[in-house]
Every structure is written in structure tokens, then in C-alpha cells.
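Some notes on the structure that comes next.
Below, all heavy atoms of this structure are taken into account, side chains as well, without hydrogens, waters or symmetry copies. Naming convention: chains lettered A, B, ... in sequence-line order (proteins, then strands); numbering from 1 in each chain. Predicted model, so just to flag it, every value in this text is computed and none were measured.
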2 protein chains.
Amino acid sequence: MPQKRPSPKRRSGCPLNASVEILGDRWSLLIIRDMMLRGSRTYKEFLESYEGIATNILADRLGKLEAHGIVTAERDPSDGRKLIYLLTAKGIGLAPVLTEMVLWAAAHEDTGNQALVRQMQKDKEQFLAAVRQRWAEKTIRSMAN
Amino acid sequence: MPQKRPSPKRRSGCPLNASVEILGDRWSLLIIRDMMLRGSRTYKEFLESYEGIATNILADRLGKLEAHGIVTAERDPSDGRKLIYLLTAKGIGLAPVLTEMVLWAAAHEDTGNQALVRQMQKDKEQFLAAVRQRWAEKTIRSMAN
DNA sequence: CATCTTACTTGTGAAATGCAAGTGAAAATA
DNA sequence: TATTTTCACTTGCATTTCACAAGTAAGATG
């Protein structure tokens, strides 16, 4: 069981503030999206995302996400150059947050990826269950290596 | 009906990216929290929040939230110095996002305000319904002035 | 063994942030 | 009515973060 750290120097004890301090920037949630919904696992795959994150920012964010226990990094046994990044349970726990953010933007902004949005709208819980199951399979497979 | 703007210069059409571009900083969601859950309505009330936002940042964020149609600002008829900030329908639409972020942080970080968290955990939909109703009452009352 | 790939790091300028102080209009007070 | 206080900002400046381009080291490939 991962422990809850008292986590130093928070601006306040408010849980929303904690989320904002950890995730409140223009890139972290996009990296998590890539892992959760697109199956991205390596530095190179994250770099290939359409938004175009800079290499130094990506390295910084991956380090912070790892420090926060949201992702893990492990060497690829079949290619010693690669690090495989995976979401932890804490990381996959963000699925409802991402989902609500997608639904909000889809409802109020001019956005694309309507296929994904309709899936979420049709049955949110089923969508989340599918996301969690894909994650569980991928995680078990990785631990078997 | 508020229209969805094509909104220029987005990094991508992904709805999550839209949310992140609009809300992805260390203060915007805390201002929305103050309005949604604490009943804050004026500049001064936002400044009094425990996290301690700087005056220039607050002015900037309120302006951006207004530009995004998330809040409105109107002169207080009973005190010409004050501006009353209120959440729009788009703004109150963020309630599920805030709720999930609170629940995630409460589950994985060491945070406070357990009373709020337990309310959300006990019945999420009821909590959201209460938030929406408070908002509707406040908004109608304000429009009557 | 030379080349390519992967995951970074470094350097630099631009932009955002944080802090302190100041401003102007409106309201409260003497 | 004159003075002080309140409110909602704005301004200036130092610090931090961000973005872009270029470079590097370890491992894989041909």
C-alpha cells in the first residue's frame, strides 16, 4: 500500500489545492492522457503527441510525476535504451478527473475527438471500467517481465 | 445559449487539452472553488483565501475566467466599489471536475477538510445537486437586482 | 565499427509569477 | 464637508518557469 505523505510546504490542506499543486500546469495531464488513453509508454511516444511538448519540459514532468507516485519508470528488458513509463494505481485513479475534464470541454468548447466524448457520455462508468481494465492488464503484463 | 467559440491558437483539438489550456495553472481552480463551495463573490473575498494569491495574479485570473465565460462580473448596486463575481452555467459545469479532483487528492494525499470529502464520498450526485441548487438560487437572486 | 536511436541535458531568451508599493473611485466616519 | 478607510485594482521589479535549439552519452543496429 502506498502511503500518504504529509508532503511538505503545501499552500493549504485543501484537497483541491493538493490536486492543483500536483497537476496544475499545461502538460502533466496531457502526459497522463497519453498513458491512459493512447497507450504511450516511452519518452519518444510522449514527444510525438500533437501538442508538441519540449524535451526538457517532458523530462521534468516525468520526473515530477514519478516523484508524486503517479507513474513508475522501468528499463525495457528488450531494449536497454528505453524506459517504460506506467501509471500507478494513484495514476489510474485520475481517470474520473480526466473524464470530467473532457466532458466539460466537449460541452462548452469547440473540440474534436467526438468518438471518445460520445463513449464517455453514453456510459461513464463503463468507460471508466474499460480504462481500468486495460490498465490492469498492461500492468500485470509488465510485472511478469 | 452561449456559443462554443472555435477559440484561436489551441495546441490541439483534444477536449482535455482545451480544459488544460483554460484551467491548467495553480490558481484558476482555487478561485472557482471559492465561488462554488465557499460563496466568495468579491475580489477581497478571493484574496482572503488561505492559499494567498497575489493581487495582480488574482486580477489576471478573474479577467481570463471572465473572458472564457466561466464567471461574470457586475457592479454591486448597494456598493459602487464592489464587483460581484458569479459563476456562469459553464462555470458551475466544472462542479464534477472539482469533485473528482478533491476525491482523488483525498484518497492519495494527506489532506484536510474531511467533512467535505465525506459528503462527496457518501453520495456524489446528491452533493452535485446541492451545489447546483445553491448556484441556481444565488444566480436568480442576483438577476432580480 | 560506424551510424542510428533513445532519453535525456544544457544554454539562452521570453514569458509568467510573486512581492511590495501605489492609485483612484466610492463609501464610511468625524 | 473634510478626512479617512475600503475596494479593486495597477505598476515596478526580482525571481522562477517555459520554450526552443542544440548537444551528449549509452545502447542498439547494420
Side-chain angles (χ1 to χ4, degrees), chain A residues 8-12 17 20-32 34-35 38-68 71-86 142 145, chain B residues 8-12 17 20-32 34-35 38-68 71-86 142 145:
Chain A
K9 346 183 208 328
R10 279 275 151 76
R11 294 178 297 187
S12 79
N17 177 64
V20 163
E21 288 196 21
I22 294 169
L23 304 166
D25 71 86
R26 304 173 79 66
W27 294 109
S28 297
L29 284 168
L30 296 187
I31 295 169
I32 294 166
D34 287 347
M35 300 181 79
R38 299 183 179 172
S40 299
R41 298 187 312 164
T42 65
Y43 188 87
K44 185 176 181 255
E45 287 171 332
F46 299 130
L47 274 186
E48 284 165 356
S49 252
Y50 185 76
E51 289 88 0
I53 189 170
T55 57
N56 55 340
I57 307 290
L58 175 57
D60 177 76
R61 288 310 121 87
L62 286 171
K64 283 178 179 164
L65 290 174
E66 195 180 355
H68 281 117
V71 310
T72 56
E74 291 196 41
R75 232 10 102 179
D76 183 342
S78 74
D79 185 341
R81 292 169 302 181
K82 291 186 183 172
L83 279 177
I84 305 293
Y85 291 94
L86 292 175
S142 169
N145 294 344
Chain B
K9 352 182 201 336
R10 279 277 151 76
R11 295 178 296 187
S12 80
N17 177 65
V20 163
E21 287 196 22
I22 294 168
L23 304 166
D25 70 86
R26 302 173 76 68
W27 293 109
S28 296
L29 284 168
L30 296 187
I31 295 170
I32 293 165
D34 287 348
M35 301 181 79
R38 299 182 179 171
S40 300
R41 299 187 312 163
T42 66
Y43 189 87
K44 186 178 179 253
E45 288 172 333
F46 299 129
L47 274 186
E48 284 164 356
S49 253
Y50 186 76
E51 288 88 0
I53 189 171
T55 57
N56 55 341
I57 306 289
L58 176 57
D60 178 76
R61 289 309 121 87
L62 285 171
K64 283 178 178 164
L65 290 173
E66 196 180 355
H68 280 117
V71 310
T72 56
E74 291 196 40
R75 231 12 101 178
D76 183 343
S78 73
D79 185 341
R81 292 168 303 183
K82 290 186 183 170
L83 277 178
I84 306 292
Y85 290 95
L86 293 175
S142 168
N145 293 345

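The OG1 atom of A:T42 sits 9.5 Å away from the CG atom of A:D79 when rounded to the nearest 0.5 Å. From A:S49, atom OG reaches atom CG of B:N17 across 10.0 Å, with rounding to the nearest 0.5 Å.
Scanning DNA chain C 5' to 3' for nucleotides with an atom closer than 4.0 angstrom to a non-hydrogen atom of chain B gives a first and last hit of C:dT17 to C:dA27.
Using modelled atom types, one side-chain atom of A:E21 and one backbone atom of A:R11 make a donor-acceptor pair closer than 3.5 Å.
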Enumerate the protein-to-nucleotides 9-13 of chain D contacts in which both atoms are nitrogen or oxygen and the separation is below 3.5 Å.
residue : atom : partner : partner atom : Å
D:dC9   : OP2  : B:Y85   : OH           : 2.5
D:dT10  : O4   : B:T55   : OG1          : 2.7

Short heteroatom pairs, N/O only, protein and nucleotides 28-30 of chain D, under 3.5 Å:
residue : atom : partner : partner atom : Å
D:dA28  : OP1  : A:G80   : N            : 2.8
D:dA28  : O4'  : A:R81   : NE           : 3.4

Please output the side-chain donor-acceptor pairs of residues 55-64 of chain B that fall under 3.5 Å, not counting sequence neighbours, one pair per line with the distance.
residue : atom : partner : partner atom : Å
B:D60   : OD2  : B:K64   : NZ           : 3.2
B:R61   : NH1  : B:D25   : OD1          : 3.1

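Between B:W27 and B:E51, the closest side-chain pair of non-hydrogen atoms falls below 4.5 Å. Side-chain atoms of B:L86 and B:R41, non-hydrogen and from C-beta on, do get closer than 4.5 Å to each other. Contact check for A:L83 versus A:D76: no side-chain heavy atoms found under the 4.5 Å cut-off. Residues B:Y43 and B:K82 are not in side-chain contact: their nearest non-hydrogen atoms beyond the backbone lie 4.5 Å or more apart.
Residues that satisfy the side-chain contact (heavy atoms from CB on, under 4.5 Å) test with A:E74, not counting sequence neighbours, are absent from this structure. With sequence neighbours left out, the side chain to side chain donor-acceptor pair (under 3.5 Å) criterion links A:R75 to no other residue.
If you check every strand for non-hydrogen atoms under 4.0 Å, A:R75 touches nothing.
Whole-Å rounding puts the B:E74 CD to D:dA8 P distance at 15 Å. When the P atom of D:dC18 is taken as reference, atom CD of A:E51 falls 16 Å away, rounded to whole Å. As a whole-Å value, the separation of B:F46 CZ from D:dT6 C1' is 17 Å. The interatomic distance linking B:I57 (CD1) with D:dA8 (P) rounds to 18 Å, in whole Å.
For B:K44 and B:E48, the salt-bridge test passes: some basic side-chain N is under 4.0 Å from an acidic carboxylate O.
In this model, the phosphate group of D:dC18 is not approached by any side-chain N or O of A:W27 to a distance below 4.0 Å at OP1 or OP2.
In terms of position on DNA chain D, the residue among A:D25 and B:E45 whose nearest nucleotide sits closer to the 5' end is B:E45.
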